[in-house]
Amino acid sequence: MKIMEDQPLQGLTTFRLPARARYFARVRDLEELREALAFARRGDRPVLILGGGSNTVLTRNFPGLVIRVELPGLERIDGDGEEPCLLRVGAGEDWPRLVERCLAQGLFGLENLAWIPGTAGAAPVQNIGAYGVELADRLQAVEALDRTTGELVHLDKQDCRFSYRSSLFKEDRLRDRYVITSIVLVLSKIPAPILTHTALKEELASISMGSGEVTPLEVSRAVRRLRRRKLPDPAELGNVGSFFRNPVVSATVYRDLKARFEGLVGYPEPSGDRVKLAAAWMIERLGWRGARRGSVGVHTEHALILVNHGTATGEEVMALAREIQRSVEETFGVTLEIEPAVY
Ligand code: FAD
Ligand code: NAP
């Protein structure tokens, strides 16, 4: 494993913000990961873990060691063809490719999560979710290197404290403790499409009304079409997906807001007493969609996504984010939390 000095990070995150790493290493196995962490410990250097960089906002040069996790691996661990299928996936595996491979092998359950950029190792960090399914629905365990003890640990789903776009790995106190090395997914050979999400249901309406059954492959294709229509391609326009998490408020607050703002979009949480508000609706209502501040902007097709029009800096991104947060707070009295990791 090679430790490189003064490395540019711009090409390693999908926002493509300018920043450099004092030290940088790619790790392809556990031994290299341990070596890299030992290097950081010896020099008392901070560590930043990077996967595909699609949920990371860099606002400055990083003074310590950036470790890019590239651990490979895809292994059935359920014995011979049992149901459900257990799949251990190395943290460095590309998530969209993994979903494609599973579908091709007749292993179902990830189709709603198709085309989410990034690595398998980062997926538990924010409990990735889309179109009515979240990682926690399909995950059995996480394996990680505990940086406080140097031990490899096995965390069951319950240990991961998954919630809406969050987990133990995002908690302030624990954010730097674990490096995820692999995840164990629970998949099935029996198709059971989840069509609860409004836009996905509509996209597939013609199929389900016609021939009846919708297949997992059709779901993943519909997800791809929806995403292509609305989401900016990071190769063309730097972004990290949704910049803010949808806020969850009490049913009373929702009722009050709904009475004041016609058309406000909210979805009751399964528990019934809380409602998830569509942050994009509020931001759009305040006229932010398509707005620009220099090289940073709000995507023209999606008010929840901030984009880099070319030469944006982390400071500019955060300044625009704060402006949007202030205006939503002033009008709706709701706090928007930033979803990606900000360094
Ligand atoms: P990175 O950005 O590299 O890392 C994200 C965080 O995880 C950082 O804090 C990092 O330190 C930590 N991390 C990364 N790897 C590890 C590891 N091995 N161990 C411990 N910590 C680690 N997200 C959704 O939930 N749903 C979506 O539908 C969705 N759509 C998106 C669409 C676009 C166009 C884009 C650009 C992003 C989207 N995202 C979405 C966000 C992003 O794709 C996910 O959060 C993804 O899981 C990030 O993976 P990554 O490897 O790129 O993470
Ligand atoms: P959308 O279809 O315009 O819907 C807007 C919001 O309403 C979504 O955030 C979604 O919440 C919620 N919603 C819609 N139908 C729902 C239902 N039947 N029950 C409960 N909630 C419902 O959303 P979009 O922005 O185009 O994104 C589509 C999907 O991809 C969403 O699931 C979204 O989370 C995901 N996505 C995530 C990111 C990211 O970076 N985190 C980026 C792009 C897309 P949920 O967000 O809870 O699903």
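All values derive from a computational prediction rather than experimental measurement. Ligands are counted one by one from 1 in listed order, and the atoms in each one are counted from 1 as well.
- Interface atoms of ligand 1 facing Ala341, defined by a heavy-atom separation under 4.0 Å, are 8 (C), 9 (O).
- A cation-pi arrangement is absent between Arg138 and Phe162, since the terminal nitrogen or guanidinium carbon is not both under 6.0 Å from the aromatic centre and inside a 45° cone about the axis.
- Distances between N or O atoms of Asn239 and those of ligand 1 include no value under 3.5 Å.
- No N or O atom of Val125 sits closer than 3.5 Å to an N or O atom of ligand 1.
- Scanning the protein heavy atoms around atom 12 (C) of ligand 2, the nearest turns out to be Tyr267 CE1, 3.4 Å.
- Atom 50 (P) of ligand 1 has as its closest protein heavy atom Gly52 N, 3.4 Å.
- Arg227 counts as a contact of ligand 1, since one of its heavy atoms falls under 4.0 Å from the ligand.
- One N or O on the side chain of Lys258 and one on the backbone of Leu264 form a donor-acceptor pair closer than 3.5 Å.
- Looking at heavy atoms from C-beta onward, Asn308 lies out of side-chain contact with Asn239 at the 4.5 angstrom threshold.
- Residue, atom and distance of the protein heavy atom nearest to atom 15 (N) of ligand 2 are Thr198 OG1, 3.1 Å.
- The distance from the CG atom of Leu320 to the CD atom of Gln325 is 10.0 Å, given to the nearest 0.5 Å.
- With ligand atoms numbered from 1 in the order given, ligand 1 contributes 49 (O), 50 (P), 51 (O) to contacts under 4.0 Å with heavy atoms of Thr119.
- For ligand 1, the atoms lying closer than 4.0 Å to a non-hydrogen atom of Leu50 are 3 (O).
- When hydrogens are left out, the protein atom nearest atom 42 (C) of ligand 1 is Ser54 OG, 3.4 Å; that is the closest non-hydrogen contact.
- Side chain of Gln7 to main chain of Arg22: no donor-acceptor pair is present (N/O by atom type, distance under 3.5 Å, no hydrogens or angles).
- No heavy atom of Phe169 sits closer than 4.0 Å to any atom of ligand 1.
- Using cut-offs of 30° and 60° for the angle between ring planes, the Phe261 and Phe332 rings count as tilted.
- Close contacts between ligand 1 and Val240 involve ligand atoms 35 (C), 36 (C), 37 (C) [criterion: under 4.0 Å to a heavy atom].
- Distances from atom 34 (O) of ligand 2 to the heavy atoms of Glu134, Glu203, Arg165 put Arg165 nearest.
- Relative to the ring axis of Trp115, Arg227 does not place its NZ or CZ within 45° and under 6.0 Å from the centre.
- Among protein heavy atoms, the minimum distance from atom 18 (N) of ligand 2 is reached at Thr196 O, 3.0 Å.
- Between Pro117 and ligand 1, at least one pair of N/O atoms sits closer than 3.5 Å.
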CA sep, side-chain torsions, deciding dist, call: Leu195, Tyr131, side-chain contact (heavy atoms from CB on, under 4.5 Å): CA-CA 8 Å; Leu195 305 178; Tyr131 299 104; over 6 Å; no

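- Heavy atoms of Asn246 approach ligand 2 to within less than 4.0 angstrom.
- Of the protein's heavy atoms, Lys276 NZ, 3.0 Å lies nearest to atom 21 (N) of ligand 2.
- Interface of Gly241 with ligand 2, defined as ligand atoms under 4.0 Å from a residue heavy atom, comprises 40 (O).
- Counting heavy atoms only, Tyr131 comes closest to atom 28 (C) of ligand 2 of the residues Tyr131, Phe243, Phe244, Trp281.
- Distances from atom 44 (C) of ligand 2 to the heavy atoms of Val248, Leu277, Leu231 put Leu231 nearest.
- Ligand 2 has at least one atom lying under 4.0 Å from a heavy atom of His302.
- Between the choices Gly129, Pro340, Pro117, Ser242, the shortest heavy-atom distance to atom 42 (C) of ligand 2 belongs to Ser242.
- Contacts between Ala130 and ligand 2, counted as non-hydrogen atom pairs separated by less than 4.0 Å, involve both the backbone and the side chain.
- Regarding atom 19 (N) of ligand 1, its nearest protein heavy-atom neighbour is Ile180 N, 2.8 Å.
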Kindly determine whether Tyr267 and Tyr254 satisfy side-chain contact (heavy atoms from CB on, under 4.5 Å), including the steps that lead there. CA-CA 10 Å; Tyr267 295 90; Tyr254 174 67; over 6 Å; no

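- Between Tyr164 and ligand 2 there is a heavy-atom distance shorter than 4.0 Å.
- With hydrogens and angles ignored, the 3.5 Å screen pairs a side-chain donor or acceptor of Glu316 with a backbone N or O of Thr313.
- Among all protein heavy atoms, the one lying closest to atom 23 (O) of ligand 2 is Lys230 NZ, 4.1 Å.
- Side-chain atoms of Asn246 do not come within 3.5 Å of backbone N or O of Ala278 as any donor-acceptor pair.
- Between Gln126 and Lys170, the closest side-chain pair of non-hydrogen atoms falls below 4.5 Å.
- Shown here, atom 5 (C) of ligand 2 is out of close reach of the protein: none of its heavy atoms lies under 4.0 Å off.
- If you check which protein heavy atom lies closest to atom 41 (N) of ligand 2, you get Glu339 OE2, 2.6 Å.
- Taking distance alone, with nitrogen or oxygen atoms compared against 3.5 Å, Gln126 approaches ligand 1 more closely than that limit.
- In terms of N/O distances under 3.5 Å, ligand 1 is approached by Ile49.
- In terms of N/O distances under 3.5 Å, ligand 1 is approached by Gly53.
- Ligand-side atoms of ligand 1 in range of Ala130: 28 (O), range being under 4.0 angstrom from any heavy atom.
- Applying the 4.0 Å criterion to heavy atoms of Ala199 picks out, from ligand 2, the atoms 2 (O).
- Between the side chain of Arg16 and the main chain of Pro234, a donor-acceptor pair closer than 3.5 Å is present.
- Here is the list of ligand 1 atoms found below 4.0 Å of a heavy atom in Ile116: 23 (N), 26 (N), 27 (C), 28 (O), 29 (C), 40 (C), 43 (O).
- By the 4.0 Å heavy-atom criterion, Tyr343 is counted among the residues contacting ligand 1.
- Residue-level proximity to ligand 2 for His197 is carried by backbone and side chain together, each with a heavy atom below 4.0 angstrom.
- Counting the atoms of ligand 1 from 1 in the order shown, those under 4.0 Å from a heavy atom of Tyr178 are 20 (C).
- Set against the non-hydrogen atoms of Gly118, the atoms of ligand 1 under 4.0 Å away are 49 (O), 50 (P), 51 (O), 52 (O).
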